[in-house]
Colleague: 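Got a structure for you, questions after.
In this text the structure is predicted, and so the values were computed from the model without any measurement. Order of the sequence lines fixes the chain letters, A, B, ..., with proteins taken first and strands second; residue numbering starts at 1 for each chain.
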Protein chains: 2
Amino acid sequence: MAISKLDPIDRMILAELQADGRMTNVELAKRVGISAPPCLRRVRSLEEAGYIRGFHADVDARALGFEVQVFAMVGLHSQAETDLSAFEAKCAEWPLVRECHMLNGEIDFILKCVAPDLSSFQSFLTGQLTSAENVASVKTSLVIRGAKDEPGVPFDVLEQRLEQIA
Amino acid sequence: MAISKLDPIDRMILAELQADGRMTNVELAKRVGISAPPCLRRVRSLEEAGYIRGFHADVDARALGFEVQVFAMVGLHSQAETDLSAFEAKCAEWPLVRECHMLNGEIDFILKCVAPDLSSFQSFLTGQLTSAENVASVKTSLVIRGAKDEPGVPFDVLEQRLEQIA
DNA sequence: AGTGAAAGTACAGCTGA
DNA sequence: TCAGCTGTACTTTCACT
């Protein structure tokens, strides 16, 4: 699974579906310049091969009552692989934690969390996160306002790079 | 636009489409227990009202040649509204910056960035980000590995809360 | 290209303020 | 009574072979 296995039409399909994942197959086919049946086959095999992990509606968290978004920087006592995995497993089970990334440097993990309000985040923070085994330090930062939130990757950058290589 | 304006069926629709945004309308209608036409109308009005911001294919950044993911914590010299907006506008134009969130505390902004490789990120970092006007400090952390990356919000938490209130 | 299914439209009936 | 939502029937468009 690598970019080199994709032709320009595959990349156009990915770019179009990243921008609008609910586009019909005929619309997609028209945009990428092929007929519908082969276009559908391409989409299927892109899913199969894992280039497309899924399709999701982008819902407005605020409108749904999740008023609070928080980044939590977590430091652990032990960075042994077993302990790292154990912490990741906990994050996977906490619904308020939407993203968990292991980082280099002094911070071990960064977590992106959502919560209905500050008090429910606080109770998660003190009751679950900071009191979890192996957690040494947690620094939290409230999101005051979101300025940009684009999903996926910049396909224009990708195409520029491919041109340079060619 | 608030959660209180949505009935249980609307919330089921949102949950289903968050999980699988390319589901057909009849399948969706079957799952939420109504017939197809009103289901479609509900989806349309949820989009209209902004509860659904869009539909996106979730593409695998690594497979597409974006090997590097970085969090950048940015501090500014001036936090005047004009200067904050100016920085946000820059972020909006930088394709490698996928997310930009304004935070409380010592960090002013956190940026989630992607890049094809370390060297192209470095050239963005030194050539664009740290050299941008008003930027005082930038601390970057490489994502060693991703442990969780769920889109959207946890609907089970939402339903639990609504039960408690009722 | 052709078939079967889904999307989308128009209209009529039901339900609650 | 009236607004709002629902379901049935129908046409157009799409998915898939």
Side-chain angles (χ1 to χ4, degrees), chain A residues 1 5-65 151-152 155, chain B residues 1-60 63-64 151-153 155-156 158-159 161-166:
Chain A
M1 185 165 74
K5 297 203 170 186
L6 302 178
D7 66 16
I9 292 176
D10 287 323
R11 298 199 300 271
M12 284 169 77
I13 288 173
L14 291 170
E16 291 291 342
L17 287 180
Q18 179 177 279
D20 179 6
R22 218 173 155 76
M23 191 183 300
T24 64
N25 182 57
V26 298
E27 174 65 20
L28 178 61
K30 198 195 303 175
R31 294 197 185 197
V32 304
I34 60 177
S35 67
C39 184
L40 187 62
R41 279 195 293 272
R42 279 170 182 264
V43 174
R44 293 275 185 274
S45 60
L46 287 169
E47 288 186 71
E48 194 95 2
Y51 292 97
I52 298 174
R53 277 196 289 251
F55 294 89
H56 306 285
D58 177 16
V59 304
D60 186 328
R62 274 249 159 74
L64 274 116
F155 277 95
Chain B
M1 185 165 74
I3 186 66
S4 58
K5 297 203 169 185
L6 301 178
D7 66 15
I9 293 178
D10 287 323
R11 298 198 299 270
M12 286 170 77
I13 288 174
L14 290 170
E16 292 290 342
L17 288 180
Q18 180 177 279
D20 179 5
R22 218 173 156 74
M23 189 185 302
T24 64
N25 182 57
V26 299
E27 173 66 21
L28 178 63
K30 199 194 305 174
R31 293 196 185 196
V32 304
I34 59 176
S35 67
C39 185
L40 185 63
R41 282 194 289 269
R42 279 168 181 264
V43 174
R44 293 274 186 274
S45 61
L46 287 169
E47 289 185 70
E48 193 96 3
Y51 292 97
I52 299 175
R53 276 195 289 252
F55 294 89
H56 307 285
D58 177 15
V59 303
D60 186 329
L64 281 144
V153 298
F155 277 95
D156 45 355
L158 183 61
E159 294 300 333
R161 264 182 82 79
L162 292 172
E163 278 174 30
Q164 284 171 16
I165 294 167

Colleague: Output yes when A:R31 and A:E27 qualify as a salt bridge under the 4.0 Å nitrogen-oxygen rule, no when they do not.
Modeller: yes
Colleague: Write down the distance between NZ (B:K30) and P (D:dT6), rounded to a whole number of angstrom.
Modeller: 19 Å
Colleague: Whole angstrom is fine here: how far is it from CG in B:D7 over to C1' in D:dT6?
Modeller: 12 Å
Colleague: Restricting both atoms to N or O, compile the protein contacts to nucleotides 11-17 of chain D shorter than 3.5 Å, with distance only.
Modeller:
{"residue": "D:dA15", "atom": "OP1", "partner": "A:N25", "partner atom": "N", "Å": "2.6"}
{"residue": "D:dA15", "atom": "OP2", "partner": "A:N25", "partner atom": "N", "Å": "3.4"}
{"residue": "D:dA15", "atom": "OP2", "partner": "A:V26", "partner atom": "N", "Å": "3.1"}
{"residue": "D:dC16", "atom": "OP1", "partner": "A:R44", "partner atom": "NH2", "Å": "2.9"}
{"residue": "D:dC16", "atom": "OP2", "partner": "A:R44", "partner atom": "NH2", "Å": "2.6"}

Colleague: So that I can tick it off, tell me whether B:R42 and B:D7 are bridged by a salt bridge, with the cut-off set at under 4.0 angstrom between side-chain N and carboxylate O.
Modeller: yes
Colleague: Do the non-hydrogen side-chain atoms of A:Q18 and B:F55 ever get within less than 4.5 Å of each other?
Modeller: no
Colleague: Supply the atom-to-atom distance B:S35 OG to B:K30 NZ, rounded to the nearest 0.5 angstrom.
Modeller: 13.5 Å
Colleague: In whole angstrom, give the distance that lies between atom CZ of B:R31 and atom P of C:dA6.
Modeller: 13 Å
Colleague: From A:S45 OG over to A:I13 CD1, what is the distance, rounded to the nearest 0.5 angstrom?
Modeller: 8.0 Å
Colleague: Rounded at 0.5 Å granularity, tell me how far NE2 in B:H56 sits from CZ in B:R22.
Modeller: 13.5 Å
Colleague: Measure the distance from CD1 on B:I34 to P on D:dT8 and round it to the nearest whole Å.
Modeller: 12 Å
